[in-house]
Amino acid sequence: MADRRIVTVGIGGGGCAIVGRLAALAGGAAPTIACDTDACSLAASEATVRLQIGDELTDGFGAGGDDERGRLAMEAGAARLIEAIGAADLAIVIASLGGGVGSGGAPAFLAAAREAGLPTVCFVTQPFSFEGGQRKSVAARALERLAGSAEVVICVPNDSLFAEAPRADVKSAFAGADCILGGAVLALWQMLARPGYIRLDFGDLRALVEDSEGVCAFGLGEGIGEHKALDAAQRLLGGPLLHGGNTLARAKLLLLSIVGGPDLTLKDVGTIMESVAAAVRPECRVTMGTALDDAWIGRVTLMAVVGERRARKPPVEVAPAQPEPAGAGAPVLERA
């Protein structure tokens, strides 16, 4: 079973930071591209390809939180970014919403990718509560645009990322968040790109989104050593990304990827699935798969994508047509 070519693209400062962390964790195995207007942001990224856009709009700086400027920069540079991605089977697009290039550029790129026939998965973070209404409004507008262009949108609130370390200093807190998100995207890439005996692919992910309300929640758990399977399950189920299990308790749809090394056993898989089954409703539809990575010996990573089942609209009953009275004229429309 051959790997699929899946390229991960970070758009804007936050996206570039996450993709840079992914590149460091993957050791060059995952193709990565950082795309931004800010030359300093690109210089700091460890992505394998760095692409600057919007020179004429920003003079090499950021978009100043202006999502419209971010959109214009990306519309001018989208063709170059698609060219840099090349003949990929899928692009995973990463952005932090609420600012300029991520909020304006990511939707613009996804629209261009859709027109070019490139399938996309979008992984985004939402602003902190303390960042105020303006950034939340920009993020909400961007999320609505993303949902109209990407096949799959996975959304992680920043507030959840910092729930585990509320007293950490700012530098440590943000470094920890980038590490969590880089690991999350790596797990997503492994699920989609790596072979497995029970395989999940883009079709499974897209089917979950089509049957749900659209934007999905995300969870991550990892275990190392003798009790790696149980530890990974407990960290997934009790972690802040899934609000200590509350998200899973309400879930109607769950896609679970188990990433392990050649030493992954059926007992490990059974331990994980028993823990998950005890945390979800009996009617929750669970789709599970495994991905194997030779570097994951003695280690298990779990990645969950969670959705709410889309409500079915009741059939519309049409009353039988009544014969029109003789001599009736045009109907009178009353203003509501």
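Along the sequence shown, the residues carry numbers beginning at 1. This one's a predicted model, so the numbers in the text were calculated from it and none came from an experiment.
Residues passing the side-chain hydrogen bond (donor to acceptor under 3.5 Å, both in side chains) test with Thr48, sequence neighbours excluded: Thr32. Under the salt bridge (charged side-chain N to carboxylate O under 4.0 Å, His left out) criterion, Glu75 pairs with Arg71, not counting sequence neighbours. With sequence neighbours left out, the salt bridge (charged side-chain N to carboxylate O under 4.0 Å, His left out) criterion links Asp268 to Lys228. Under the side-chain hydrogen bond (donor to acceptor under 3.5 Å, both in side chains) criterion, Ser149 pairs with no residue, sequence neighbours left out. By the salt bridge (charged side-chain N to carboxylate O under 4.0 Å, His left out) test, Arg69 is found to be paired with no residue, residues two or more places apart in sequence or in another chain being considered. Applying the salt bridge (charged side-chain N to carboxylate O under 4.0 Å, His left out) criterion to Arg299, with sequence neighbours excluded, gives Glu222.
Using a 4.5 Å heavy-atom threshold, the side chains of Val101 and Ile11 count as touching. The side-chain heavy atoms of Thr58 and Asp38, taken from C-beta on, include no pair separated by under 4.5 Å.
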Throw together a table of side-chain donor-acceptor distances under 3.5 angstrom for residues 79-87, partners on residues two or more places apart or in other chains.
residue	atom	partner	partner atom	Å
Arg80	NH1	Gln52	O	3.2
Arg80	NH2	Gln52	O	3.1

Could you go through residues 125-133 and list every donor-acceptor pair under 3.5 Å that involves a side-chain atom there, pairing it with any protein atom two or more places apart or in another chain?
residue	atom	partner	partner atom	Å
Thr125	OG1	Ser96	OG	3.1
Ser129	OG	Asp159	OD2	2.4
Glu131	OE1	Arg135	NE	2.7
Glu131	OE2	Phe128	N	2.6

Would you mind writing out the side-chain donor-acceptor pairs for residues 269-277 within the sub-3.5 Å range, not counting sequence neighbours?
residue	atom	partner	partner atom	Å
Thr271	OG1	Lys267	O	3.0
Ser275	OG	Thr271	O	3.1

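Taking Ile, Leu, Val, Met, Phe, Trp and Tyr as hydrophobic and joining them when side-chain heavy atoms fall under 4.5 Å apart, one finds Leu72 in a cluster with Leu57.
Distance alone, capped at 3.5 Å, places no donor-acceptor pair between the Asp66 side chain and the Gly100 backbone. At least one donor-acceptor pair closer than 3.5 Å links the side chain of Asp263 to the backbone N or O of Gly298.
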Report task. Check the pair Leu188 / Met303 against side-chain contact (heavy atoms from CB on, under 4.5 Å), numbers first and verdict last. Result -> CA-CA 7 Å; Leu188 180 62; Met303 187 209 68; 3.8 Å; yes
Query raised in the report: Given the rule in the side-chain contact (heavy atoms from CB on, under 4.5 Å) test, do Val306 and Leu248 qualify, once you have shown the distances and angles that lead to the verdict?
Result: CA-CA 7 Å; Val306 184; Leu248 276 182; 3.8 Å; yes
**Report entry** Test log, rule side-chain contact (heavy atoms from CB on, under 4.5 Å), inputs Ile94 and Leu22
**Finding:** CA-CA 11 Å; Ile94 317 297; Leu22 164 66; over 6 Å; no
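Applying the side-chain hydrogen bond (donor to acceptor under 3.5 Å, both in side chains) rule to pairs touching residues 15-31 yields nothing, sequence neighbours excluded. Sorted by first and then second residue, the ring-ring contact (aromatic ring centres under 6.0 Å, His included) pairs with a member in residues 70-103 form an empty list; sequence neighbours excluded.
In this structure, NZ in Lys136 is found 13.0 Å from CG in Leu143, a value given to the nearest 0.5 Å. Expressed to the nearest 0.5 Å, how far CE of Met191 lies from CG of Leu256 amounts to 10.0 Å.
Leu42 and Ile53 are not part of a single hydrophobic cluster, where members link through side-chain heavy atoms under 4.5 Å apart.
Contact record, Leu90 with Pro119: CD1-O, 3.3 Å, taken as the closest heavy-atom pair.
There is no side-chain donor-acceptor pair under 3.5 Å between Asp204 and Thr287.
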